[in-house]
Amino acid sequence: MSAKYVFVTGGVVSSLGKGLAAASLGCLLESRGLRVNLMKFDPYLNVDPGTMSPFQHGEVFVTDDGAETDLDLGHYERFTHAPLSRDNNLTTGRIYEQIILKERRGDYLGKTVQVIPHVTNEIKNAMRKVASNGADMTIVEIGGTVGDIESLPFLEAIRQMRQELGRENTVFVHLTLVPWIVAAQELKTKPTQHSVKELLSIGIQADVLMCRSDRPLSRDIKQKIAAFCNVEEKAVIGATTVNSIYEVPLNFAQEGVDALILKYLHKEAPEGDLSRWKALVERCRHPKDEVSIAIVGKYVEYEDSYKSLKEALTHGAMAQNLKLKLTWLEAEGLESAAPGDRSYERQLEEFDGILVPGGFGKRGIEGMLNTIRYAREKRVPYFGICLGMQTACIEFARNVCGLKDANSSEFDPATPHRVIYKLRELLGVEEMGGTMRLGAWTCVLQEDSLASRAYGGATEISERHRHRYEFNREYEALLTGGGLRISGSTPDGTYVEIVEIPGHPYFLGCQFHPEFKSKPLEPHPLFREFVAASYRNREVRKGKHRLEAVEEVSTR
Ligand code: GLN
(Lines give C-alpha, C1' and ligand atoms only; values in the text may rest on other atoms or scores of the structure.)
Protein backbone atom coordinates (compact mmCIF):
# COMPACT_ATOMS: atom_id res chain seq x y z
CA MET A 1 0.00 0.00 0.00
CA SER A 2 1.25 3.42 -0.87
CA ALA A 3 2.06 5.95 1.81
CA LYS A 4 -0.54 8.65 2.34
CA TYR A 5 0.28 12.32 2.71
CA VAL A 6 -1.49 15.39 3.99
CA PHE A 7 0.25 18.53 2.71
CA VAL A 8 -0.33 21.69 4.69
CA THR A 9 0.39 25.07 3.11
CA GLY A 10 -0.38 28.58 4.29
CA GLY A 11 -1.64 31.65 2.53
CA VAL A 12 -2.40 35.36 2.89
CA VAL A 13 -0.16 36.11 5.89
CA SER A 14 2.26 34.27 8.16
CA SER A 15 1.62 33.47 11.82
CA LEU A 16 -1.81 31.98 11.24
CA GLY A 17 -0.83 28.91 13.22
CA LYS A 18 -0.04 26.45 10.47
CA GLY A 19 2.07 24.34 12.80
CA LEU A 20 -0.71 24.18 15.32
CA ALA A 21 -3.19 23.26 12.58
CA ALA A 22 -0.91 20.48 11.33
CA ALA A 23 -0.39 19.22 14.88
CA SER A 24 -4.12 19.29 15.59
CA LEU A 25 -4.86 17.32 12.42
CA GLY A 26 -2.28 14.81 13.61
CA CYS A 27 -3.98 14.65 16.98
CA LEU A 28 -7.38 13.95 15.39
CA LEU A 29 -6.05 11.25 13.10
CA GLU A 30 -4.13 9.66 15.97
CA SER A 31 -7.28 9.68 18.11
CA ARG A 32 -8.79 7.43 15.43
CA GLY A 33 -6.11 4.85 16.00
CA LEU A 34 -3.92 5.84 13.06
CA ARG A 35 -0.17 6.15 13.28
CA VAL A 36 0.79 9.62 12.13
CA ASN A 37 4.09 11.24 11.43
CA LEU A 38 4.67 14.94 10.90
CA MET A 39 7.41 16.90 9.23
CA LYS A 40 8.16 20.48 8.35
CA PHE A 41 10.10 22.12 5.56
CA ASP A 42 11.47 25.59 6.26
CA PRO A 43 12.27 27.66 3.18
CA TYR A 44 15.14 29.69 4.66
CA LEU A 45 18.82 29.13 3.87
CA ASN A 46 20.14 28.50 7.36
CA VAL A 47 21.01 24.82 7.67
CA ASP A 48 19.03 24.65 10.91
CA PRO A 49 17.70 27.23 13.39
CA GLY A 50 20.47 26.37 15.90
CA THR A 51 22.49 29.46 15.10
CA MET A 52 19.57 31.86 14.73
CA SER A 53 18.70 34.47 17.33
CA PRO A 54 15.69 33.64 19.49
CA PHE A 55 14.33 37.06 18.51
CA GLN A 56 14.43 36.04 14.84
CA HIS A 57 13.21 32.57 15.04
CA GLY A 58 11.70 31.89 18.44
CA GLU A 59 12.59 28.77 20.37
CA VAL A 60 14.91 26.13 19.00
CA PHE A 61 13.15 22.85 19.70
CA VAL A 62 15.45 19.89 20.40
CA THR A 63 14.56 16.30 19.54
CA ASP A 64 15.90 13.15 21.24
CA ASP A 65 18.51 12.68 18.54
CA GLY A 66 19.85 16.16 19.22
CA ALA A 67 18.47 17.95 16.16
CA GLU A 68 17.92 21.69 16.59
CA THR A 69 14.58 22.23 14.92
CA ASP A 70 11.72 24.61 14.32
CA LEU A 71 9.37 25.25 17.22
CA ASP A 72 6.46 23.75 15.28
CA LEU A 73 7.97 20.34 16.03
CA GLY A 74 7.20 21.14 19.64
CA HIS A 75 3.53 21.41 18.71
CA TYR A 76 3.75 18.10 16.87
CA GLU A 77 5.14 16.39 19.95
CA ARG A 78 2.65 17.97 22.32
CA PHE A 79 -0.33 16.93 20.21
CA THR A 80 0.79 13.52 18.93
CA HIS A 81 3.17 10.66 19.59
CA ALA A 82 4.94 10.96 16.24
CA PRO A 83 8.57 9.82 16.50
CA LEU A 84 10.43 13.01 15.57
CA SER A 85 14.09 13.28 14.66
CA ARG A 86 16.35 15.38 12.45
CA ASP A 87 14.58 13.82 9.45
CA ASN A 88 11.38 15.64 10.38
CA ASN A 89 12.59 19.19 9.86
CA LEU A 90 14.51 20.28 6.79
CA THR A 91 15.44 23.73 5.62
CA THR A 92 16.39 24.86 2.13
CA GLY A 93 19.90 25.22 3.51
CA ARG A 94 20.00 21.56 4.55
CA ILE A 95 18.61 20.35 1.23
CA TYR A 96 21.22 22.35 -0.69
CA GLU A 97 23.96 21.23 1.66
CA GLN A 98 23.12 17.60 0.86
CA ILE A 99 22.97 18.29 -2.88
CA ILE A 100 26.25 20.16 -2.95
CA LEU A 101 27.92 17.37 -1.00
CA LYS A 102 26.72 14.87 -3.61
CA GLU A 103 27.77 17.14 -6.45
CA ARG A 104 31.29 17.45 -5.05
CA ARG A 105 31.45 13.69 -4.66
CA GLY A 106 30.54 13.29 -8.31
CA ASP A 107 27.27 11.50 -7.57
CA TYR A 108 25.48 13.31 -10.39
CA LEU A 109 27.80 11.77 -12.98
CA GLY A 110 28.54 14.98 -14.80
CA LYS A 111 24.93 16.11 -15.21
CA THR A 112 23.85 19.72 -14.72
CA VAL A 113 22.39 19.96 -11.21
CA GLN A 114 19.09 21.88 -11.20
CA VAL A 115 16.21 22.87 -8.95
CA ILE A 116 13.98 20.57 -10.98
CA PRO A 117 14.58 17.66 -10.73
CA HIS A 118 17.49 17.57 -8.26
CA VAL A 119 16.21 19.83 -5.50
CA THR A 120 12.65 18.58 -5.82
CA ASN A 121 13.88 14.97 -5.79
CA GLU A 122 15.84 15.61 -2.62
CA ILE A 123 12.69 17.09 -1.05
CA LYS A 124 10.52 14.17 -2.15
CA ASN A 125 13.08 11.66 -0.86
CA ALA A 126 13.03 13.37 2.51
CA MET A 127 9.23 12.98 2.61
CA ARG A 128 9.42 9.34 1.61
CA LYS A 129 12.00 8.65 4.28
CA VAL A 130 9.71 9.98 7.02
CA ALA A 131 6.65 8.25 5.56
CA SER A 132 8.46 4.91 5.47
CA ASN A 133 8.79 4.96 9.24
CA GLY A 134 5.58 2.95 9.74
CA ALA A 135 3.12 5.83 9.57
CA ASP A 136 -0.39 5.40 8.19
CA MET A 137 -0.35 9.05 7.30
CA THR A 138 2.38 11.65 7.02
CA ILE A 139 1.50 15.29 7.50
CA VAL A 140 3.92 17.58 5.70
CA GLU A 141 3.92 21.25 6.61
CA ILE A 142 5.46 23.67 4.13
CA GLY A 143 6.78 26.72 5.97
CA GLY A 144 6.32 30.24 4.68
CA THR A 145 3.41 31.68 2.76
CA VAL A 146 2.26 30.75 -0.74
CA GLY A 147 3.64 33.37 -3.10
CA ASP A 148 7.10 33.50 -1.50
CA ILE A 149 9.93 32.80 -3.93
CA GLU A 150 11.67 30.62 -1.32
CA SER A 151 8.92 28.06 -0.98
CA LEU A 152 8.48 27.34 -4.70
CA PRO A 153 10.67 24.19 -4.85
CA PHE A 154 8.71 22.69 -1.93
CA LEU A 155 5.37 23.44 -3.56
CA GLU A 156 6.63 21.99 -6.83
CA ALA A 157 7.71 18.86 -4.95
CA ILE A 158 4.27 18.32 -3.40
CA ARG A 159 2.64 18.98 -6.77
CA GLN A 160 4.78 16.18 -8.18
CA MET A 161 3.86 13.92 -5.26
CA ARG A 162 0.18 14.28 -6.20
CA GLN A 163 1.05 13.53 -9.80
CA GLU A 164 2.91 10.38 -8.80
CA LEU A 165 0.71 9.05 -6.03
CA GLY A 166 -2.75 10.14 -7.13
CA ARG A 167 -5.64 11.79 -5.34
CA GLU A 168 -6.32 8.87 -3.04
CA ASN A 169 -2.88 9.18 -1.48
CA THR A 170 -2.41 12.92 -1.23
CA VAL A 171 -4.53 15.74 0.09
CA PHE A 172 -3.80 19.47 -0.02
CA VAL A 173 -4.84 21.44 3.03
CA HIS A 174 -4.49 25.21 2.76
CA LEU A 175 -4.67 27.53 5.74
CA THR A 176 -5.94 31.02 4.98
CA LEU A 177 -7.30 34.09 6.67
CA VAL A 178 -10.88 35.33 6.56
CA PRO A 179 -10.61 38.77 8.14
CA TRP A 180 -13.40 40.72 9.78
CA ILE A 181 -13.58 44.18 8.23
CA VAL A 182 -14.92 46.62 10.76
CA ALA A 183 -16.04 49.29 8.27
CA ALA A 184 -18.13 46.76 6.36
CA GLN A 185 -19.09 44.71 9.43
CA GLU A 186 -18.35 41.66 7.33
CA LEU A 187 -16.02 38.69 7.02
CA LYS A 188 -14.16 38.98 3.73
CA THR A 189 -13.33 36.02 1.49
CA LYS A 190 -11.21 37.79 -1.12
CA PRO A 191 -7.79 37.12 0.46
CA THR A 192 -8.68 33.43 0.57
CA GLN A 193 -9.75 33.46 -3.07
CA HIS A 194 -6.48 35.10 -4.08
CA SER A 195 -4.40 32.70 -2.09
CA VAL A 196 -6.13 29.66 -3.57
CA LYS A 197 -5.64 31.15 -7.03
CA GLU A 198 -1.94 31.70 -6.33
CA LEU A 199 -1.62 28.05 -5.36
CA LEU A 200 -3.53 26.99 -8.47
CA SER A 201 -1.15 28.96 -10.65
CA ILE A 202 1.63 26.60 -9.58
CA GLY A 203 -0.48 23.56 -10.24
CA ILE A 204 -1.98 22.83 -6.86
CA GLN A 205 -5.74 22.82 -6.32
CA ALA A 206 -6.45 22.95 -2.59
CA ASP A 207 -8.76 20.18 -1.35
CA VAL A 208 -9.44 21.50 2.13
CA LEU A 209 -9.43 25.13 3.27
CA MET A 210 -8.89 25.91 6.89
CA CYS A 211 -10.13 29.42 7.37
CA ARG A 212 -8.68 31.31 10.30
CA SER A 213 -11.06 33.96 11.55
CA ASP A 214 -12.06 35.64 14.76
CA ARG A 215 -15.72 34.80 14.21
CA PRO A 216 -17.51 31.64 13.15
CA LEU A 217 -18.07 31.30 9.39
CA SER A 218 -21.73 31.37 8.40
CA ARG A 219 -23.17 28.87 5.96
CA ASP A 220 -23.30 31.65 3.36
CA ILE A 221 -19.65 32.47 3.68
CA LYS A 222 -18.71 28.81 3.47
CA GLN A 223 -20.77 28.39 0.31
CA LYS A 224 -19.20 31.44 -1.22
CA ILE A 225 -15.66 30.28 -0.46
CA ALA A 226 -16.46 26.78 -1.75
CA ALA A 227 -17.86 28.13 -5.01
CA PHE A 228 -15.01 30.54 -5.71
CA CYS A 229 -12.24 28.25 -4.57
CA ASN A 230 -13.46 25.10 -6.21
CA VAL A 231 -13.77 22.92 -3.09
CA GLU A 232 -16.67 21.07 -1.47
CA GLU A 233 -18.70 23.13 0.97
CA LYS A 234 -17.81 20.81 3.80
CA ALA A 235 -14.15 21.24 2.91
CA VAL A 236 -14.37 24.85 4.07
CA ILE A 237 -13.33 24.41 7.67
CA GLY A 238 -13.82 27.18 10.18
CA ALA A 239 -10.66 27.63 12.24
CA THR A 240 -11.97 30.16 14.70
CA THR A 241 -9.70 31.79 17.25
CA VAL A 242 -9.86 29.94 20.57
CA ASN A 243 -8.92 30.70 24.17
CA SER A 244 -6.56 27.80 24.56
CA ILE A 245 -4.60 26.07 21.81
CA TYR A 246 -5.76 22.77 23.25
CA GLU A 247 -9.26 23.51 21.99
CA VAL A 248 -8.11 23.46 18.38
CA PRO A 249 -8.38 19.67 17.81
CA LEU A 250 -11.88 19.69 19.32
CA ASN A 251 -12.97 22.51 17.02
CA PHE A 252 -11.52 20.78 14.00
CA ALA A 253 -13.30 17.57 14.97
CA GLN A 254 -16.56 19.45 15.16
CA GLU A 255 -15.98 20.77 11.66
CA GLY A 256 -15.46 17.18 10.50
CA VAL A 257 -12.06 17.73 8.93
CA ASP A 258 -10.66 14.34 9.96
CA ALA A 259 -13.58 12.45 8.41
CA LEU A 260 -13.16 14.46 5.23
CA ILE A 261 -9.44 13.78 4.97
CA LEU A 262 -10.06 10.06 5.53
CA LYS A 263 -12.67 10.13 2.78
CA TYR A 264 -10.33 11.88 0.35
CA LEU A 265 -7.56 9.43 1.17
CA HIS A 266 -9.81 6.37 0.90
CA LYS A 267 -8.90 5.33 4.40
CA GLU A 268 -11.16 3.69 6.95
CA ALA A 269 -10.69 4.42 10.63
CA PRO A 270 -12.88 4.11 13.72
CA GLU A 271 -14.47 7.19 15.31
CA GLY A 272 -11.97 9.21 17.29
CA ASP A 273 -11.82 9.16 21.07
CA LEU A 274 -11.22 12.72 22.23
CA SER A 275 -12.58 12.30 25.73
CA ARG A 276 -9.25 13.09 27.42
CA TRP A 277 -8.84 16.28 25.39
CA LYS A 278 -12.40 17.28 26.18
CA ALA A 279 -11.84 16.72 29.89
CA LEU A 280 -8.65 18.78 29.71
CA VAL A 281 -10.34 21.72 27.99
CA GLU A 282 -13.24 21.52 30.48
CA ARG A 283 -10.78 21.71 33.36
CA CYS A 284 -9.07 24.70 31.74
CA ARG A 285 -12.36 26.49 31.52
CA HIS A 286 -13.14 26.05 35.22
CA PRO A 287 -9.92 26.46 37.20
CA LYS A 288 -10.22 26.20 40.97
CA ASP A 289 -7.74 29.04 41.51
CA GLU A 290 -4.71 30.63 39.94
CA VAL A 291 -0.98 30.40 40.48
CA SER A 292 1.39 33.21 39.68
CA ILE A 293 4.84 32.45 38.26
CA ALA A 294 7.61 34.82 37.21
CA ILE A 295 10.02 33.87 34.45
CA VAL A 296 13.22 35.85 34.78
CA GLY A 297 15.14 35.54 31.54
CA LYS A 298 16.74 37.35 28.68
CA TYR A 299 14.55 37.00 25.62
CA VAL A 300 11.32 37.58 27.49
CA GLU A 301 9.87 40.32 25.31
CA TYR A 302 9.47 37.75 22.58
CA GLU A 303 7.39 34.95 24.07
CA ASP A 304 8.02 32.57 21.19
CA SER A 305 11.61 32.19 22.35
CA TYR A 306 10.31 30.20 25.32
CA LYS A 307 7.40 28.45 23.62
CA SER A 308 7.80 24.98 25.12
CA LEU A 309 8.53 26.44 28.52
CA LYS A 310 5.28 28.35 28.57
CA GLU A 311 3.38 25.27 27.46
CA ALA A 312 5.07 23.02 30.03
CA LEU A 313 4.13 25.44 32.82
CA THR A 314 0.59 25.51 31.49
CA HIS A 315 0.51 21.70 31.59
CA GLY A 316 1.76 21.75 35.17
CA ALA A 317 -1.00 24.20 36.11
CA MET A 318 -3.70 22.30 34.23
CA ALA A 319 -2.71 19.13 36.05
CA GLN A 320 -3.76 20.88 39.27
CA ASN A 321 -6.75 22.60 37.82
CA LEU A 322 -5.08 25.98 38.19
CA LYS A 323 -4.99 28.96 35.90
CA LEU A 324 -1.44 29.98 35.13
CA LYS A 325 -0.63 33.63 35.56
CA LEU A 326 2.73 34.17 33.90
CA THR A 327 4.85 37.28 34.23
CA TRP A 328 7.95 37.71 32.09
CA LEU A 329 10.69 39.76 33.70
CA GLU A 330 13.78 40.96 31.88
CA ALA A 331 16.68 39.85 34.08
CA GLU A 332 18.62 43.07 33.45
CA GLY A 333 15.84 44.91 35.28
CA LEU A 334 16.65 43.01 38.49
CA GLU A 335 20.27 44.08 38.83
CA SER A 336 21.47 46.00 41.89
CA ALA A 337 22.23 49.68 41.40
CA ALA A 338 25.06 49.49 43.97
CA PRO A 339 26.57 46.70 46.09
CA GLY A 340 24.06 45.67 48.74
CA ASP A 341 21.11 47.28 46.96
CA ARG A 342 18.19 44.92 47.26
CA SER A 343 15.44 47.10 45.89
CA TYR A 344 14.89 44.52 43.13
CA GLU A 345 13.20 42.33 45.75
CA ARG A 346 10.05 44.40 45.54
CA GLN A 347 9.58 43.26 41.94
CA LEU A 348 9.53 39.63 43.06
CA GLU A 349 7.25 39.81 46.07
CA GLU A 350 3.97 39.08 44.32
CA PHE A 351 4.96 35.73 42.79
CA ASP A 352 4.20 32.24 44.06
CA GLY A 353 7.09 30.69 42.15
CA ILE A 354 10.13 31.83 40.19
CA LEU A 355 11.78 30.26 37.17
CA VAL A 356 15.03 31.11 35.43
CA PRO A 357 15.08 29.50 31.98
CA GLY A 358 17.80 28.71 29.46
CA GLY A 359 19.84 31.35 27.71
CA PHE A 360 23.21 32.23 26.28
CA GLY A 361 25.66 35.03 27.00
CA LYS A 362 26.42 37.40 29.82
CA ARG A 363 23.59 39.88 29.64
CA GLY A 364 21.25 39.81 32.63
CA ILE A 365 23.22 37.27 34.69
CA GLU A 366 23.55 39.49 37.78
CA GLY A 367 19.79 40.04 37.77
CA MET A 368 19.26 36.29 37.66
CA LEU A 369 21.66 35.78 40.57
CA ASN A 370 19.73 38.37 42.60
CA THR A 371 16.48 36.63 41.76
CA ILE A 372 17.81 33.24 42.78
CA ARG A 373 19.19 34.60 46.04
CA TYR A 374 15.75 35.99 46.82
CA ALA A 375 14.03 32.67 46.03
CA ARG A 376 16.54 30.71 48.10
CA GLU A 377 16.47 32.99 51.13
CA LYS A 378 12.74 33.71 51.15
CA ARG A 379 11.89 30.07 50.49
CA VAL A 380 10.00 30.84 47.29
CA PRO A 381 9.78 27.79 44.98
CA TYR A 382 12.54 28.01 42.40
CA PHE A 383 13.02 26.10 39.18
CA GLY A 384 16.22 26.68 37.20
CA ILE A 385 16.55 25.28 33.74
CA CYS A 386 19.94 24.93 32.06
CA LEU A 387 21.28 28.47 32.47
CA GLY A 388 18.92 28.69 35.47
CA MET A 389 20.67 25.69 37.02
CA GLN A 390 24.12 27.09 36.30
CA THR A 391 23.26 30.46 37.82
CA ALA A 392 21.76 28.70 40.86
CA CYS A 393 25.13 27.00 41.42
CA ILE A 394 27.00 30.29 41.02
CA GLU A 395 24.66 32.03 43.46
CA PHE A 396 25.12 29.23 45.97
CA ALA A 397 28.90 29.31 45.60
CA ARG A 398 29.00 33.08 46.07
CA ASN A 399 26.48 33.68 48.82
CA VAL A 400 26.49 30.42 50.79
CA CYS A 401 30.03 29.12 50.26
CA GLY A 402 31.73 32.51 50.26
CA LEU A 403 33.38 32.28 46.83
CA LYS A 404 32.79 35.91 45.93
CA ASP A 405 34.10 35.60 42.38
CA ALA A 406 32.43 32.32 41.52
CA ASN A 407 31.22 32.40 37.93
CA SER A 408 30.82 30.50 34.72
CA SER A 409 33.70 30.75 32.29
CA GLU A 410 31.02 31.70 29.76
CA PHE A 411 30.50 35.03 31.52
CA ASP A 412 34.00 35.61 32.91
CA PRO A 413 36.70 33.49 31.26
CA ALA A 414 39.26 34.75 33.79
CA THR A 415 37.30 33.95 36.95
CA PRO A 416 39.39 32.28 39.68
CA HIS A 417 36.40 30.07 40.57
CA ARG A 418 34.82 28.64 37.48
CA VAL A 419 32.05 26.72 39.13
CA ILE A 420 30.55 26.30 35.66
CA TYR A 421 32.94 25.61 32.81
CA LYS A 422 33.45 23.90 29.51
CA LEU A 423 34.48 20.41 30.49
CA ARG A 424 35.37 19.19 27.05
CA GLU A 425 37.62 22.14 26.48
CA LEU A 426 39.56 21.22 29.59
CA LEU A 427 39.82 17.60 28.52
CA GLY A 428 41.54 18.91 25.39
CA VAL A 429 38.86 17.58 23.07
CA GLU A 430 39.18 19.50 19.83
CA GLU A 431 35.79 20.16 18.36
CA MET A 432 34.86 21.99 15.21
CA GLY A 433 31.42 23.48 14.79
CA GLY A 434 28.91 21.78 17.06
CA THR A 435 30.31 22.06 20.54
CA MET A 436 27.01 21.65 22.30
CA ARG A 437 25.81 18.78 24.38
CA LEU A 438 22.62 18.09 22.47
CA GLY A 439 19.66 15.74 22.64
CA ALA A 440 18.75 12.89 24.98
CA TRP A 441 21.10 11.88 27.79
CA THR A 442 20.43 9.40 30.56
CA CYS A 443 20.43 10.76 34.08
CA VAL A 444 20.66 8.65 37.24
CA LEU A 445 18.61 10.03 40.13
CA GLN A 446 19.63 9.82 43.75
CA GLU A 447 17.19 8.03 45.96
CA ASP A 448 14.92 10.02 48.18
CA SER A 449 15.62 13.31 46.48
CA LEU A 450 13.13 15.94 45.36
CA ALA A 451 13.91 14.89 41.79
CA SER A 452 13.35 11.17 42.27
CA ARG A 453 10.13 11.83 44.18
CA ALA A 454 8.89 14.05 41.35
CA TYR A 455 9.70 11.37 38.80
CA GLY A 456 7.66 8.87 40.84
CA GLY A 457 10.62 7.04 42.35
CA ALA A 458 12.37 6.47 39.02
CA THR A 459 16.10 5.81 39.25
CA GLU A 460 16.92 6.57 35.63
CA ILE A 461 15.42 9.15 33.31
CA SER A 462 16.21 10.59 29.91
CA GLU A 463 16.03 14.29 29.11
CA ARG A 464 17.13 16.59 26.32
CA HIS A 465 20.07 18.97 26.34
CA ARG A 466 21.27 22.06 24.51
CA HIS A 467 24.24 23.74 26.16
CA ARG A 468 28.01 24.01 26.22
CA TYR A 469 28.90 24.58 29.86
CA GLU A 470 28.78 22.17 32.80
CA PHE A 471 28.99 22.01 36.57
CA ASN A 472 32.64 21.79 37.63
CA ARG A 473 33.01 18.79 39.95
CA GLU A 474 36.13 20.31 41.52
CA TYR A 475 33.69 22.45 43.49
CA GLU A 476 31.37 19.59 44.38
CA ALA A 477 32.70 19.01 47.90
CA LEU A 478 32.56 22.69 48.77
CA LEU A 479 29.03 23.22 47.47
CA THR A 480 27.57 20.02 48.87
CA GLY A 481 29.32 20.84 52.16
CA GLY A 482 27.37 24.10 52.10
CA GLY A 483 24.08 22.22 51.66
CA LEU A 484 23.57 21.88 47.93
CA ARG A 485 22.63 18.38 46.84
CA ILE A 486 23.55 16.82 43.53
CA SER A 487 20.60 14.55 42.91
CA GLY A 488 21.14 13.64 39.27
CA SER A 489 24.21 12.82 37.17
CA THR A 490 25.01 11.02 33.95
CA PRO A 491 25.52 7.26 34.59
CA ASP A 492 29.32 7.56 34.33
CA GLY A 493 29.27 10.45 36.77
CA THR A 494 30.90 12.88 34.34
CA TYR A 495 28.13 15.43 34.14
CA VAL A 496 26.01 16.88 36.92
CA GLU A 497 22.40 16.98 35.75
CA ILE A 498 20.32 18.07 38.75
CA VAL A 499 21.01 20.11 41.87
CA GLU A 500 18.58 20.86 44.68
CA ILE A 501 18.49 22.34 48.18
CA PRO A 502 17.03 19.91 50.72
CA GLY A 503 14.71 21.54 53.22
CA HIS A 504 13.69 24.32 50.83
CA PRO A 505 10.03 24.07 49.72
CA TYR A 506 11.18 23.57 46.12
CA PHE A 507 14.58 24.51 44.85
CA LEU A 508 15.72 22.54 41.85
CA GLY A 509 17.97 23.22 38.92
CA CYS A 510 18.47 20.89 35.97
CA GLN A 511 21.06 21.03 33.23
CA PHE A 512 18.60 19.63 30.68
CA HIS A 513 15.45 21.12 29.19
CA PRO A 514 12.47 19.22 30.60
CA GLU A 515 10.04 21.56 28.81
CA PHE A 516 10.71 19.75 25.52
CA LYS A 517 9.07 16.58 26.82
CA SER A 518 5.95 17.93 28.47
CA LYS A 519 2.60 17.24 26.85
CA PRO A 520 -0.82 18.53 27.89
CA LEU A 521 -2.02 15.00 28.58
CA GLU A 522 1.31 13.98 30.09
CA PRO A 523 2.55 16.98 32.10
CA HIS A 524 6.24 16.83 32.91
CA PRO A 525 6.79 15.81 36.56
CA LEU A 526 9.25 18.62 37.32
CA PHE A 527 6.83 21.27 36.07
CA ARG A 528 3.89 19.61 37.81
CA GLU A 529 5.75 19.54 41.13
CA PHE A 530 7.11 23.07 40.73
CA VAL A 531 3.63 24.46 40.09
CA ALA A 532 2.24 22.42 43.01
CA ALA A 533 4.91 23.82 45.33
CA SER A 534 4.23 27.35 44.05
CA TYR A 535 0.56 26.91 44.77
CA ARG A 536 1.32 25.68 48.29
CA ASN A 537 3.40 28.81 48.74
CA ARG A 538 0.45 30.89 47.57
CA GLU A 539 -1.82 29.22 50.13
CA VAL A 540 0.71 29.77 52.89
CA ARG A 541 1.10 33.43 51.90
CA LYS A 542 -2.63 33.90 51.77
CA GLY A 543 -2.92 32.31 55.22
CA LYS A 544 -0.21 34.60 56.53
CA HIS A 545 -1.94 37.65 55.11
CA ARG A 546 -5.19 36.58 56.73
CA LEU A 547 -3.36 36.10 60.01
CA GLU A 548 -1.75 39.53 59.74
CA ALA A 549 -5.12 41.09 58.98
CA VAL A 550 -6.66 39.42 62.02
CA GLU A 551 -3.76 40.55 64.22
CA GLU A 552 -4.05 44.06 62.91
CA VAL A 553 -7.76 44.15 63.79
CA SER A 554 -7.23 42.61 67.25
CA THR A 555 -4.41 44.99 68.15
CA ARG A 556 -6.27 48.07 67.04
N1 GLN B 1 24.72 29.26 28.09
C2 GLN B 1 24.68 28.05 28.83
C3 GLN B 1 25.52 26.96 28.17
O4 GLN B 1 25.84 27.05 27.02
C5 GLN B 1 23.26 27.59 29.06
C6 GLN B 1 22.59 27.17 27.79
C7 GLN B 1 21.09 27.00 27.97
O8 GLN B 1 20.53 27.50 28.92
N9 GLN B 1 20.46 26.30 27.06
O10 GLN B 1 25.84 26.00 28.80
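Both counts, for ligands and for their atoms, begin at 1 and track the order of listing.
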Quick one: table the atom pairs, ligand 1 N or O against protein N or O, below 3.5 Å, distance rounded to 0.1 Å.
residue	atom	partner	partner atom	Å
ligand 1	1 (N)	Gly359	O	2.9
ligand 1	1 (N)	Glu410	OE1	2.7
ligand 1	1 (N)	Glu410	OE2	3.0
ligand 1	4 (O)	Arg468	N	3.0
ligand 1	8 (O)	Gly359	N	2.9
ligand 1	8 (O)	Gly359	O	3.4
ligand 1	8 (O)	Leu387	N	3.0
ligand 1	9 (N)	Arg466	O	2.8
ligand 1	9 (N)	His513	NE2	3.1
ligand 1	10 (O)	Gln390	NE2	3.0
ligand 1	10 (O)	Arg468	N	3.1
ligand 1	10 (O)	Tyr469	N	2.8

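Screening residues 323-358 for ring-ring contact (aromatic ring centres under 6.0 Å, His included), with sequence neighbours left out, gives Tyr306-Trp328.
Looking at His467 and Glu410, their side chains never bring a donor and an acceptor atom within 3.5 Å of each other. His57 and Tyr44 share a side-chain donor-acceptor pair at under 3.5 Å. Using modelled atom types, one finds no donor on one side chain facing an acceptor on the other under 3.5 Å when comparing Arg373 with Asn370.
For Lys323, the side chain to side chain contact (heavy atoms under 4.5 Å, CB included) criterion is met by Pro287, Glu290, not counting sequence neighbours. Taking the side chain to side chain contact (heavy atoms under 4.5 Å, CB included) definition, one finds that Pro43 meets it with Thr92, Glu150, Ser151, Phe154, sequence neighbours left out.
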